[in-house]
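So you know, we letter chains A, B, ... as the sequences are listed, proteins then strands, and number each from 1.
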2 protein chains.
Amino acid sequence: MKQIVASVDEVATVLKLLGDKTRLTMMALLDHHDCCVCELVEIFQMSQPAISQHLRKLKDAGLVKETRKAKWIFYSMNKEHELYSLIKNILAHIPDQQEKLKELKERTKISCE
Amino acid sequence: MKQIVASVDEVATVLKLLGDKTRLTMMALLDHHDCCVCELVEIFQMSQPAISQHLRKLKDAGLVKETRKAKWIFYSMNKEHELYSLIKNILAHIPDQQEKLKELKERTKISCE
DNA sequence: TCATCATATAACAATATAATTATATAAGCA
DNA sequence: TGCTTATATAATTATATTGTTATATGATGA
C-alpha cells in the first residue's frame, strides 16, 4: 500500500467526513459491497434524505461513486481516490460492519434485489 | 505497529478531532516535540484561548498530555493512547510540520526557552 | 505580598452540521 | 400518458463547533 502524502487541508477534509459515525460505517460497508440507498436507509434506520445527504458529502469529496441501475442508485467506494490508502488504514481500526448488511437481508425483503 | 480495533464511536471521535486543520497540524507537531502553549499561539497565529480550547479537546479525549514546567505548560503526544497507531497512520499522510517550529524559533524569541 | 506572565475558563457571536418535513426529479410500467 | 417507486434537493430547525473578548487561576520573582 503506497503511503501518499497529501496536504493538511485534504487530509483534514477526509477525516472530518469520516469523523461521523454514520458516514464512517457507510464507508466500511461500501468498502466491501456496493450499496443501494434503500439498503442504507434500512441499515441506519434514518430518513432517506438524511442518508442521501451523507452520500452527497462523500460523493462531493470524491470518496464514493454512484451508478444508476434501473430505479436504484448504487454507491460504491472510489478506490482510485488519492487518499484511499488512508481510508483503508482507518477502516482497519473498526470492527467489520458486513453483518449489518447480512442481518438486513435476513429481516427484510429489500426492493433493490 | 499493532492494528488495534476499536468501536466505531471511538474511531469517529478521534477522526472528528483530527478533522480540523489546526488540531491535525498540532498533533503532527506534538508527535515529534513537546510544545508549549505560547509556541502554538505563535505558530498558528491564533488567539491564546483558541489554542487552549483545541488543546483541551485533545486532552479530554486523551490524545495529548500536559506537563507544567515553571510558568509554562507543555503538551505532548500521548503515545499510550489506544488509537495511537491509527494516529501515526494518519500523520504519515501529511507533510512534515516541523519546519513551522524551526521557522518560529528563527523569527521570534519565545519566552518558554 | 503584590505585580506580572502564562494559561484556562466563561460568555458570547458567527457559522457549520445534521436531522426533519415537504417537494422535485427521473425511471419504470400499466 | 399518468401512476408508482426511488432518490435528490430545498427549506427549516436544533444543535455543535469555532473563534473572539473578558475574566479567573496559578506560578514566579521583586
Side-chain angles (χ1 to χ4, degrees), chain A residues 8-9 12-27 29-30 34-76 104 108-113, chain B residues 8-9 12-27 29-30 34-76 104 108-113:
Chain A
V8 171
D9 276 305
T13 298
V14 168
L15 297 180
K16 180 174 284 182
L17 284 167
L18 300 200
D20 173 276
K21 200 185 164 185
T22 303
R23 287 190 297 262
L24 182 58
T25 307
M26 272 183 185
M27 291 292 277
L29 285 167
L30 294 177
D34 298 3
C35 284
C36 171
V37 177
C38 71
E39 290 172 308
L40 297 171
V41 168
E42 283 299 321
I43 288 171
F44 292 102
Q45 297 282 91
M46 205 176 272
S47 71
Q48 173 268 313
I51 297 295
S52 277
Q53 282 159 23
H54 282 302
L55 288 168
R56 184 144 81 108
K57 286 180 188 180
L58 295 174
K59 197 187 67 174
D60 286 351
L63 299 184
V64 304
K65 297 181 292 187
E66 60 171 44
T67 320
R68 184 178 276 275
K69 285 183 193 161
K71 288 193 297 190
W72 302 278
I73 298 179
F74 285 79
Y75 282 83
S76 58
L104 165 67
T108 320
K109 178 77 195 106
I110 37 179
S111 62
C112 64
E113 61 177 26
Chain B
V8 171
D9 275 305
T13 298
V14 168
L15 297 181
K16 180 175 282 182
L17 284 167
L18 300 201
D20 172 277
K21 202 185 162 184
T22 303
R23 286 190 299 261
L24 182 58
T25 307
M26 272 182 186
M27 291 292 277
L29 285 166
L30 294 176
D34 298 2
C35 283
C36 171
V37 177
C38 72
E39 290 173 308
L40 297 171
V41 169
E42 283 299 320
I43 288 171
F44 292 100
Q45 297 282 91
M46 205 175 273
S47 71
Q48 173 267 315
I51 296 296
S52 277
Q53 284 158 22
H54 281 302
L55 287 168
R56 184 142 83 105
K57 286 179 188 181
L58 294 174
K59 197 187 67 175
D60 286 350
L63 299 184
V64 305
K65 296 180 293 188
E66 59 171 46
T67 319
R68 184 178 276 275
K69 285 184 193 161
K71 287 193 296 190
W72 301 278
I73 298 179
F74 286 79
Y75 282 84
S76 58
L104 165 67
T108 321
K109 178 76 195 107
I110 38 180
S111 63
C112 64
E113 60 177 26

Colleague: Could you report the tightest heavy-atom contact between A:Leu29 and A:Cys35, atom names first, then the distance?
Modeller: CB-SG, 4.5 Å

Colleague: Would you check if B:Lys57 and B:Leu63 make a side-chain contact, meaning some heavy-atom pair closer than 4.5 Å?
Modeller: no

Colleague: Let me check the geometry of the helix from C:dT1-D:dA30 to C:dA30-D:dT1. What is the bend angle between the axes at its two ends, five pairs each, to 10°?
Modeller: 10°

Colleague: Rounded to whole Å, how long is the line connecting atom CE of B:Met26 with atom C1' of D:dG19?
Modeller: 13 Å

Colleague: Would you classify B:Phe74 as touching base, sugar-phosphate or nothing, given that sugar-phosphate means primed atoms plus P, OP1 and OP2, and contacts are heavy atoms under 4.0 Å?
Modeller: nothing

Colleague: Could you tell me whether B:Phe44 contacts a base, only the sugar-phosphate backbone, or nothing, with contacts defined as non-hydrogen atoms closer than 4.0 Å?
Modeller: nothing

Colleague: Please work out which residues in residues 54-66 of chain B have a non-hydrogen atom less than 4.0 Å from an atom of DNA chain C and list them by number.
Modeller: B:Arg56, B:Glu66

Colleague: According to side chain to side chain donor-acceptor pair (under 3.5 Å), who are the partners of B:Ser111, at least two apart in sequence or on a separate chain?
Modeller: B:Trp72

Colleague: How far apart are the closest heavy atoms of A:Glu113 and A:Lys109, and which atoms are they?
Modeller: O-NZ, 3.3 Å

Colleague: Could you go step by step and tell me if A:Leu55 and A:Leu40 meet the side-chain contact (heavy atoms from CB on, under 4.5 Å) rule?
Modeller: CA-CA 10 Å; A:Leu55 288 168; A:Leu40 297 171; 3.9 Å; yes

Colleague: Excluding sequence neighbours, so at least two apart, what forms side chain to side chain contact (heavy atoms under 4.5 Å, CB included) with A:Lys16?
Modeller: none

Colleague: Atom NZ of A:Lys109 and atom P of D:dT5: how far apart are they, to the nearest Å?
Modeller: 16 Å

Colleague: Can you name the residues that form a side chain to side chain contact (heavy atoms under 4.5 Å, CB included) with B:Ser52, not counting sequence neighbours?
Modeller: B:Val37, B:Gln48

Colleague: Answer with base, sugar-phosphate or nothing: what part of the nucleic acid does A:Cys36 contact at a heavy-atom distance below 4.0 Å?
Modeller: sugar-phosphate

Colleague: Between which nucleotides of DNA chain C, 5' to 3', does chain A make heavy-atom contacts below 4.0 Å?
Modeller: C:dT17 to C:dG28

Colleague: Could you identify which residues of residues 13-21 of chain A place a heavy atom less than 4.0 Å from some atom of DNA chain C, listed by residue number, or say none?
Modeller: A:Lys16, A:Asp20

Colleague: Quick one: side chain to side chain donor-acceptor pair (under 3.5 Å) partners of B:Glu66, sequence neighbours excluded?
Modeller: B:Lys59, B:Tyr75

Colleague: What's the spacing between B:Asp34 CG and B:Thr67 OG1 if we round to 0.5 Å?
Modeller: 6.5 Å

Colleague: Hey, could you give me each pair passing side-chain hydrogen bond (donor to acceptor under 3.5 Å, both in side chains) that has a residue in residues 35-45 of chain B? Not counting sequence neighbours.
Modeller: none

Colleague: When you check every protein heavy atom under 4.0 Å of nucleotides 20-30 of chain D, what one-letter string (B, S, -) results, 5' to 3'?
Modeller: BBB----SS--

Colleague: Any idea which heavy atoms bring B:Met26 and B:Leu58 closest together, and the distance?
Modeller: SD-CD1, 4.1 Å

Colleague: Table please: side-chain donor-acceptor pairs of residues 18-25 of chain B below 3.5 Å, with sequence neighbours left out.
Modeller:
from    : atom 1 : to      : atom 2 : distance (Å)
B:Asp20 : OD1    : B:Thr22 : N      : 3.0
B:Asp20 : OD1    : B:Arg23 : N      : 3.0
B:Arg23 : NE     : B:Leu17 : O      : 2.7
B:Arg23 : NH1    : B:His54 : ND1    : 3.1
B:Thr25 : OG1    : B:Lys21 : O      : 2.8

